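What follows is one structure encoded as structure tokens, with my remarks underneath.
Because the structure is predicted, anything quoted here is derived from the model rather than measured. All chains are named by letter (A, B, ...) in the order of the sequence lines, taking the proteins before the strands, and each is independently numbered beginning at 1.
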Protein chains: 2
Amino acid sequence: MPITTNNKPTEQKASNISLEEIYKKLRDSGSRLTPQREYILDVFFKADSGLHLSPEDIYKVLSKKNKLNVSLATVYRTVKTLYLMGILREVDLAEGHKHYELSSGNDEPHHHIVCLNCNKTIEFASLEVNRLALKIANDYNVEIHDVELKILGKCLHFEDENNLKSTQHRR
Amino acid sequence: MPITTNNKPTEQKASNISLEEIYKKLRDSGSRLTPQREYILDVFFKADSGLHLSPEDIYKVLSKKNKLNVSLATVYRTVKTLYLMGILREVDLAEGHKHYELSSGNDEPHHHIVCLNCNKTIEFASLEVNRLALKIANDYNVEIHDVELKILGKCLHFEDENNLKSTQHRR
DNA sequence: TTGAGTGCAAATCCTTTGCAGGCGG
DNA sequence: CCGCCTGCAAAGGATTTGCACTCAA
């Protein structure tokens with residue numbers, strides 16, 4: 001199976017946190033529920049599951065929806081806030097900027113394989129990885145918040161090992 | 001065990017790739033062995049094992065050694081080249097810039113626990129993680145190049161859950 | 001000899017921030 | 001009302017790049 005981007009995240013992916021719960025978390029932490037934050041959250045809830053959105057992506061979606069009152073700065077501030085609250089997960093792939101996605105709870109780990117040559121990514125879930133991470137975090141007395149296994153490799157489309165130069169990634 | 005940064009990477013850490021092998025890899029890929037590249041590699045070989053160096057770090061070390069003929073741009077270009085050749089590993093922690101370290105072969109995985117509150121990192125090796133990654137990569141027909149398990153969590157120093165605001169990270 | 005590699009400085013890209021005004025609770 | 005949030009624009013920091021020159025092979 002070659003790496004592709006149109007990966008169907010394995011079966012059971014579905015956000016298991018509701019908007020209601022998020023609103024409650026916001027309230028409980030003394031944060032406010034502004035229209036801007038609602039719009040941004042809405043983008044995540046409407047997005048394909050497993051989709052990684054950059055702040056720029058979110059901003060573009062909102063612009064298309066004529067939510068012109070949401071500035072890019074607010075998107076950045078909001079994703080950071082939601083990330084620190086554990087609502088969003090931060091995903092660092094090889095593109096030079098961060099992506100975010102709904103953190104759907106620790107019961108659903110979220111891992112990636114990135115091809116060093118074609119720069120494509122597939123996601124996969126793995127209970128085994130999750131269990132192992134829990135065990136390790138426990139050993140270190142850490143309350144686990146998120147886990148990511150990142151595998152860098154070369155998919156079969158690029159068997160020519162000496163082809164580095166011509167396949168360097170651009171930002 | 002609380003999270004600390006002065007962690008001793010578990011036992012057997014020692015670069016198992018030699019300078020000679022690297023020089024050969026460079027030659028084989030048609031790249032040149034310039035003094036600048038030698039100096040940069042030298043920094044990695046002299047550095048404490050397990051140390052993550054940013055391009056800026058490398059540049060500073062070279063400046064102190066009066067290797068003034070190595071520009072920051074060259075450091076960036078070189079680490080990218082070495083990374084794409086599989087000689088360096090890229091480490092994305094939460095600091096807003098990338099770090100690199102000698103990739104010492106797939107037999108020595110390299111994983112991290114990052115505390116969302118205090119922003120400290122510990123590293124650990126885990127054969128179990130490595131084995132699992134190999135198996136997964138195999139399932140996807142990917143030639144494995146590097147593996148990183150990243151666990152985000154909160155270490156026991158920060159049990160106050162509502163303390164988010166005062167502990168936000170700065171770049 | 002020759003083209004990959006370099007230094008320099010400017011350019012780019014991503015992200016953060018200062019400030020004045022807006023509005024949620 | 002108070003003070004968190006926002007928009008805007010400017011600042012900031014990391015990384016890349018255009019260009020002319022250098023030097024490893």
Side-chain angles (χ1 to χ4, degrees), chain A residues 23-41 52-60 62-63 66-85 88 90-100 162 164-166 168-171, chain B residues 23-41 52-60 62-63 66-85 88 90-100 162 164-166 168-171:
Chain A
Y23 293 166
K24 182 169 185 314
K25 276 200 183 188
L26 279 171
R27 266 184 262 113
D28 291 353
S29 72
S31 301
R32 289 178 182 170
L33 182 54
T34 63
Q36 288 87 344
R37 290 180 176 179
E38 290 191 68
Y39 294 150
I40 291 169
L41 281 167
H52 318 114
L53 298 168
S54 67
E56 192 77 38
D57 292 334
I58 299 166
Y59 180 69
K60 280 186 198 150
L62 292 177
S63 298
N66 292 310
K67 301 291 194 260
L68 300 177
N69 55 337
V70 182
S71 71
L72 186 53
T74 291
V75 176
Y76 272 100
R77 284 186 280 230
T78 300
V79 292
K80 173 161 271 185
T81 300
L82 296 175
Y83 165 64
L84 287 174
M85 296 180 61
L88 294 182
E90 210 175 65
V91 184
D92 269 320
L93 302 177
E95 298 88 352
H97 53 264
K98 287 178 177 168
H99 288 200
Y100 295 85
N162 294 317
L164 279 175
K165 304 253 165 62
S166 57
Q168 286 200 8
H169 311 311
R170 307 272 132 183
R171 277 238 228 169
Chain B
Y23 293 166
K24 182 170 186 314
K25 275 200 184 188
L26 279 170
R27 267 183 260 115
D28 290 353
S29 72
S31 301
R32 290 177 184 175
L33 182 54
T34 64
Q36 288 88 344
R37 288 180 177 178
E38 290 191 67
Y39 295 150
I40 291 169
L41 281 168
H52 318 116
L53 298 167
S54 68
E56 192 77 37
D57 292 335
I58 298 166
Y59 180 69
K60 280 185 198 152
L62 291 177
S63 298
N66 293 309
K67 301 289 193 263
L68 300 176
N69 56 336
V70 182
S71 72
L72 186 54
T74 292
V75 175
Y76 272 101
R77 282 187 280 228
T78 300
V79 292
K80 173 162 272 186
T81 300
L82 295 175
Y83 165 64
L84 288 173
M85 296 179 62
L88 293 182
E90 209 174 64
V91 183
D92 269 320
L93 302 177
E95 297 90 352
H97 53 263
K98 289 177 177 168
H99 288 200
Y100 295 85
N162 294 317
L164 277 176
K165 304 252 164 61
S166 57
Q168 285 200 8
H169 312 309
R170 307 271 132 183
R171 276 237 229 173

Judged by modelled atom types alone, do B:Thr78 and B:Thr81 share a side-chain donor-acceptor pair under 3.5 Å?
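Distance-only check fails for B:Thr78 and B:Thr81.
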
If we ignore hydrogens and angles and just use 3.5 Å, is the side chain of B:Ser31 paired with the main-chain N or O of B:Arg27 as donor and acceptor?
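Answer holds: no.
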
Could you tell me whether a side-chain N or O of A:Asp28 sits under 3.5 Å from a main-chain N or O of A:Lys25, the two making a donor and an acceptor?
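Not a single qualifying donor-acceptor pair exists.
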
What pairs with B:Lys60 under salt bridge (Lys or Arg N to Asp or Glu O under 4.0 Å), at least two apart in sequence or on another chain?
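Salt bridge (Lys or Arg N to Asp or Glu O under 4.0 Å) check on B:Lys60 returns nothing, list empty.
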
In whole Å, what is the span from the [atom1] atom of [X] to the [atom2] atom of [N]?
{"X": "B:Leu53", "N": "D:dA14", "atom1": "CG", "atom2": "P", "result": "15 Å"}
{"X": "A:Leu26", "N": "C:dC23", "atom1": "CG", "atom2": "C1'", "result": "16 Å"}
{"X": "B:Asp57", "N": "D:dT15", "atom1": "CG", "atom2": "C1'", "result": "15 Å"}
{"X": "B:His97", "N": "C:dT15", "atom1": "NE2", "atom2": "P", "result": "15 Å"}
{"X": "A:Lys80", "N": "C:dT15", "atom1": "NZ", "atom2": "C1'", "result": "8 Å"}
{"X": "B:Tyr59", "N": "D:dG13", "atom1": "OH", "atom2": "P", "result": "17 Å"}
{"X": "A:Leu84", "N": "C:dT16", "atom1": "CG", "atom2": "P", "result": "10 Å"}
{"X": "B:Glu56", "N": "D:dG12", "atom1": "CD", "atom2": "P", "result": "16 Å"}

Roughly how far, to the nearest 0.5 Å, is CG of A:Leu41 from CG of A:Leu26?
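Here the rounded value is 7.0 Å.
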
Quick check for you: to the nearest 0.5 Å, what is the distance between A:Lys98 atom NZ and A:Leu88 atom CG?
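Result: 13.0 Å between the selected atoms.
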
5′-ward residue of the pair A:Tyr76/B:Thr74 relative to DNA chain C:
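The residue closer to the strand's 5' end, by nearest nucleotide, is B:Thr74.
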
With a 4.0 Å cut-off on heavy atoms, is B:Gln36 in touch with a base, just the backbone sugar-phosphate, or nothing at all?
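Since only primed, P, OP1 and OP2 atoms lie under 4.0 Å of B:Gln36, the category is sugar-phosphate.
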
Treating primed atoms plus P, OP1 and OP2 as sugar-phosphate and everything else as base, which nucleotides of nucleotides 18-25 of chain D get B, S or - for protein heavy atoms under 4.0 Å?
B-----BS

